[in-house]
S.K.: 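The structure is given below, and queries will be raised subsequently.
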Number of protein chains: 2
Amino acid sequence: MAQTKPSTRERLLDIAEAGVLAKGFGATSIEEIIAEAGISKNGFFYHFRDKNELARALLQRYLDTEEALLDDVFSRARELHGDPLHSFLIGLKLLSEMMADLPNGHPGCLVATFTYSERMFDRDVRELNRNAVLIWRARFLKMLEEIASIYPPRDHVDLRSLADMISNTVEGGIVLSKAIGQPQILSEQLLLLRSYVRLLFEPAEARTALAS
Amino acid sequence: MAQTKPSTRERLLDIAEAGVLAKGFGATSIEEIIAEAGISKNGFFYHFRDKNELARALLQRYLDTEEALLDDVFSRARELHGDPLHSFLIGLKLLSEMMADLPNGHPGCLVATFTYSERMFDRDVRELNRNAVLIWRARFLKMLEEIASIYPPRDHVDLRSLADMISNTVEGGIVLSKAIGQPQILSEQLLLLRSYVRLLFEPAEARTALAS
DNA sequence: CTCCTACTGCACCGGGAGTGCAGTTTTGCC
DNA sequence: GGCAAAACTGCACTCCCGGTGCAGTAGGAG
């Protein structure tokens with residue numbers, strides 16, 4: 001499995017992804033992708049029937065990577081602490097640190113890009129995009145339900161909304177970081193989210209004074 | 001000042017804005033804009049030197065409208081309650097209701113769209129976009145500093161980050177709402193933000209039990 | 001030796017960005 | 001009413017991009 005192919009297809013996806021995140025899908029031309037890849041136009045169309053199929057492949061690959069990353073982060077967090085609340089807080093911390101360590105900041109989220117270009121794609125791609133957000137929701141909801149079953153929340157909150165808040169924080173954080181060119185915003189926002197989760201669920205006796 | 005001109009320029013901007021929010025800037029063609037406006041191509045170029053100038057005008061108009069809206073919401077909130085914390089909480093509630101009342105959900109934020117297409121624009125437009133976020137930050141930071149000077153926060157938070165969290169919630173909420181086609185997410189997320197601000201600043205004695 | 005994968009090269013179409021220029025209608029103002 | 005400026009129209013043309021069609025080929029696997 002290890003780097004058997006620096007395959008052309010993967011290189012095309014890499015180049016396309018960078019372009020899409022920097023300029024938007026509609027503004028990323030096949031011409032420039034093949035120019036950078038050093039391939040002919042027909043070479044491109046050998047791999048992807050049309051631009052929509054490029055979009056599909058791009059999004060699918062992106063979602064698989066993200067899912068693996070989230071699996072990794074939160075299972076590592078769970079190994080560090082068996083309690084659902086504390087492992088969740090650790091997971092958010094890890095995520096925040098991971099985002100802070102990206103050298104040029106987060107390059108952008110394809111789900112957001114595609115959401116802001118929905119009219120360009122066919123049903124398949126839009127459905128894929130929609131499902132991605134619903135999968136994130138389900139993932140975080142499951143963790144929050146486990147937490148809430150042990151720690152009663154301090155305020156009336158809908159756990160489903162709260163689950164969305166994680167995705168929300170990431171998506172918003174990426175936009176703001178990119179917009180003003182301050183990569184650290186994303187990780188700061190994740191820490192604020194963590195602070196909220198803590199205030200919501202952590203029992204008062206565990207928070208004597210303002211201890212971190 | 002009242003509707004003296006349903007001027008062509010404004011109509012072009014309206015049509016362009018809808019297109020840009022639905023498909024992205026690069027994918028919104030001048031041809032389709034003039035087709036919908038019923039104007040010739042040269043008519044378009046009479047108003048805007050090129051596509052970049054269209055972007056500039058689009059963004060400037062959008063930012064002016066948003067600023068006026070925020071001024072309105074938070075000054076109305078201030079009239080309803082003199083206390084900075086409570087008027088801020090009311091403002092977030094008003095904003096949330098306003099977003100919930102949009103018939104087809106929020107159409108999208110141009111700042112986010114432009115952020116995800118940065119390479120398409122010249123320095124001017126990128127600077128305009130960047131400044132917009134910094135202006136939002138300054139606006140909310142001022143309000144939060146006033147709050148924090150009266151109510152000591154319950155957790156160590158950087159007020160600047162917290163100020164960004166308002167923009168963050170809106171940007172993220174718009175992405176999620178659009179992505180899964182559930183307009184209410186944006187207003188829900190604003191209410192969660194409100195819950196966080198309340199937990200952070202509201203004195204314990206004001207929150208006996210879990211009262212709203 | 002042959003089949004398959006992964007391409008190259010060329011020619012072509014339609015549509016979009018943008019330019020240039022000449023001409024026309026509409027509007028505001030004296 | 002007259003006149004100039006503003007707000008356009010129409011046409012012709014350039015270059016770039018998405019996409020198609022078709023013919024051909026280099027290299028590895030059986």
Side-chain angles (χ1 to χ4, degrees), chain A residues 3-59 61 113-114 117-126, chain B residues 1-59 61 113-114 117-122 124-125:
Chain A
Q3 170 122 13
T4 44
K5 281 181 192 175
S7 74
T8 306
R9 190 188 150 92
E10 287 301 306
R11 271 180 49 241
L12 290 173
L13 287 173
D14 288 341
I15 296 166
E17 186 170 314
V20 168
L21 290 174
K23 294 176 304 191
F25 185 79
T28 303
S29 73
I30 293 176
E31 303 270 341
E32 77 184 76
I33 296 171
I34 64 177
E36 198 177 330
I39 199 183
S40 74
K41 189 182 269 195
N42 282 16
F44 175 91
F45 285 108
Y46 172 79
H47 291 287
F48 308 100
R49 192 186 306 132
D50 53 27
K51 233 189 159 189
N52 194 81
E53 199 171 300
L54 171 67
R56 228 196 97 280
L58 222 41
L59 186 54
R61 190 182 70 147
T113 309
F114 280 37
S117 318
E118 49 166 6
R119 293 273 174 79
M120 295 215 66
F121 309 113
D122 66 14
R123 273 203 135 276
D124 272 20
V125 174
R126 291 206 297 261
Chain B
M1 273 294 184
Q3 170 122 14
T4 43
K5 280 182 192 176
S7 74
T8 306
R9 191 186 149 91
E10 288 300 308
R11 271 180 49 239
L12 290 173
L13 288 173
D14 288 340
I15 296 167
E17 186 170 313
V20 169
L21 291 174
K23 293 176 305 190
F25 186 79
T28 302
S29 72
I30 293 176
E31 302 270 340
E32 76 184 77
I33 296 171
I34 64 178
E36 198 178 329
I39 200 183
S40 73
K41 188 182 269 195
N42 282 15
F44 175 90
F45 285 108
Y46 172 79
H47 290 287
F48 307 100
R49 191 188 307 132
D50 53 27
K51 235 189 157 188
N52 193 81
E53 200 172 299
L54 170 67
R56 228 197 97 280
L58 222 40
L59 186 54
R61 190 183 71 148
T113 310
F114 280 36
S117 319
E118 49 167 6
R119 294 272 174 79
M120 294 215 66
F121 310 113
D122 66 15
D124 272 21
V125 174

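Proteins get letters first, then strands, A, B, ... in listed order; numbering begins at 1 in each.
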S.K.: Using a cut-off of less than 4.0 Å, is there contact between a side-chain N or O of H47(B) and OP1 or OP2 of dA6(D)?
M.R.: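 No, because none of the side-chain N or O atoms of H47(B) sits under 4.0 Å from OP1 or OP2 of dA6(D).
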
S.K.: At less than 4.0 Å, is any side-chain N or O atom of T8(A) found next to OP1 or OP2 of dA6(C)? Yes or no.
M.R.: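 For dA6(C), neither OP1 nor OP2 has a side-chain N or O of T8(A) closer than 4.0 Å.
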
S.K.: Rounding to an integer number of Å, can you tell me how far I39(A) CD1 sits from dC7(C) C1'?
M.R.: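 Those two atoms, CD1 and C1', are 7 Å apart.
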
S.K.: Nearest-Å distance, CD1 (I34(B)) to P (dG16(C))?
M.R.: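 Spelled out: CD1 on I34(B) to P on dG16(C) is 9 Å.
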
S.K.: Hey, are E10(B) and S7(B) close enough side-chain-wise for a donor-acceptor pair under 3.5 Å?
M.R.: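 Not at all, the side chains of S7(B) and E10(B) share no donor-acceptor pair under 3.5 Å.
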
S.K.: Just the rounded figure in Å: distance from P of dG16(C) to CZ of F25(B).
M.R.: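 After rounding, the reported distance stands at 15 Å.
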
S.K.: Quickly work out the I33(B) CD1 to dG15(C) P distance and round it to whole Å.
M.R.: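 Checked: the CD1 to P distance equals 18 Å.
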
S.K.: Answer yes or no on whether K51(A) is positioned over the face of F44(A), meaning its NZ or CZ is under 6.0 Å from the six-membered ring centre and within 45° of the axis.
M.R.: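 Verdict for F44(A): no cation-pi partner in K51(A).
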
S.K.: Does Y46(A) place a side-chain N or O at less than 4.0 Å from the phosphate oxygens OP1/OP2 of dA6(C)?
M.R.: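 So the side chain of Y46(A) is within the cut-off, an N or O lying under 4.0 Å from OP1 or OP2 of dA6(C).
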
S.K.: Just to verify, what does D124(B) make a side-chain contact (heavy atoms from CB on, under 4.5 Å) with, not counting sequence neighbours?
M.R.: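 Partners of D124(B) by the side-chain contact (heavy atoms from CB on, under 4.5 Å) criterion, ordered by chain and then number, come out as R56(B), D122(B).
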
S.K.: Within the 4.0 Å limit for protein heavy atoms, which parts of nucleotides 13-20 of chain D are touched? Write it as a string from 5' to 3', B for base, S for sugar-phosphate only, - for none.
M.R.: ----SBBB

S.K.: Can you tell me how far the CG atom of L54(B) sits from the CD1 atom of I30(B), to the nearest 0.5 Å?
M.R.: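 Those atoms lie 7.0 Å apart.
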
S.K.: To the closest 0.5 Å, what do you measure between CZ (F114(A)) and CG (L58(A))?
M.R.: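 Atom-to-atom, F114(A):CZ and L58(A):CG are 5.0 Å apart.
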
S.K.: Look up atom CD1 in I34(B) and atom CZ in F45(B), then write down how far apart they are to the nearest 0.5 Å.
M.R.: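 Reported to 0.5 Å precision, the distance equals 8.0 Å.
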
